[in-house]
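Heads up: the structure comes next, in structure tokens.
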Amino acid sequence: WSGREAFASTFGRHGQYSKGNDVQPFRDGKTGEKCRTSTDGLIKAMSVLSAKSESGDDNGKGKEILFFTNDVENPSFLADLSSRHGVPPPVSSLPAFGNSSASF
């Protein structure tokens with residue numbers, strides 16, 4: 001992809017869990033439910049925190065959002081992604097589950 005906008009345009013409709021660097025979903029403070037958003041919403045949130053960090057804004061300090069998912073929690077996203085891009089040959093024969101991670 002040429003950038004986050006192109007990625008969001010292609011995959012933005014898929015749902016995602018909002019996760020921290022511990023790879024665990026954030027949870028709603030009242031209900032305890034896992035926090036979900038769209039791929040587009042996740043990319044936008046990552047961009048806002050990145051911009052705050054780069055500008056020295058302490059409100060973004062120590063707060064990071066991880067874009068990481070797998071085929072168990074997000075089969076439709078991984079199916080869409082894999083239909084556009086194959087598995088790299090060095091690992092294509094290894095038994096494993098699908099996953100995706102991105103940085104924006």
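A distance of 9.0 Å separates CD in Gln16 from OG1 in Thr37, rounded to the nearest 0.5 Å. Atom-to-atom distance recorded for Phe7:CZ and Thr10:OG1 is 8.0 Å, nearest 0.5 angstrom. A distance of 6.5 Å separates CZ in Arg4 from OG in Ser50, rounded to the nearest 0.5 Å. Taken from OG in Ser18 to CD in Gln24, the straight-line distance is 13.5 Å, to the nearest 0.5 Å. Atoms CG and SG, from Leu42 and Cys35 in turn, are 11.5 Å apart once rounded to the nearest 0.5 Å.
The shortest side-chain heavy-atom distance between Phe11 and Asp80 falls under the 4.5 Å cut-off. Counting only heavy atoms from C-beta outward, the side chains of Ser76 and Asn74 approach each other to under 4.5 Å. In this structure the side chain of Leu49 reaches within 4.5 angstrom of the side chain of Ile65, judged on heavy atoms.
For Lys34, the salt bridge (Lys or Arg N to Asp or Glu O under 4.0 Å) criterion is met by no residue, not counting sequence neighbours. Residues satisfying the salt bridge (Lys or Arg N to Asp or Glu O under 4.0 Å) criterion with Arg27, sequence neighbours excluded, are absent altogether. The side-chain contact (heavy atoms from CB on, under 4.5 Å) search around Asn21 returns Glu64, Leu66, not counting sequence neighbours. Looking at residues two or more places apart in sequence or on another chain, you find no salt bridge (Lys or Arg N to Asp or Glu O under 4.0 Å) involving Asp28. For Asp40, the side-chain contact (heavy atoms from CB on, under 4.5 Å) partners at least two apart in sequence or on another chain are Ala8, Ser38, Lys44.
Contact between Phe67 and Thr39 at its shortest, heavy atoms only, is CE1-CG2, 3.7 Å.
In this structure, Tyr17 is not a member of the same hydrophobic cluster as Val23, with clusters built from ILVMFWY side-chain heavy atoms closer than 4.5 Å.
The main-chain N or O of Glu5 is never found under 3.5 Å from a side-chain atom of Ser9 such that the two would form a donor-acceptor pair.
Among residues at least two apart or in separate chains, salt bridge (charged side-chain N to carboxylate O under 4.0 Å, His left out) pairs with a member in residues 14-24 are Lys19-Glu73.
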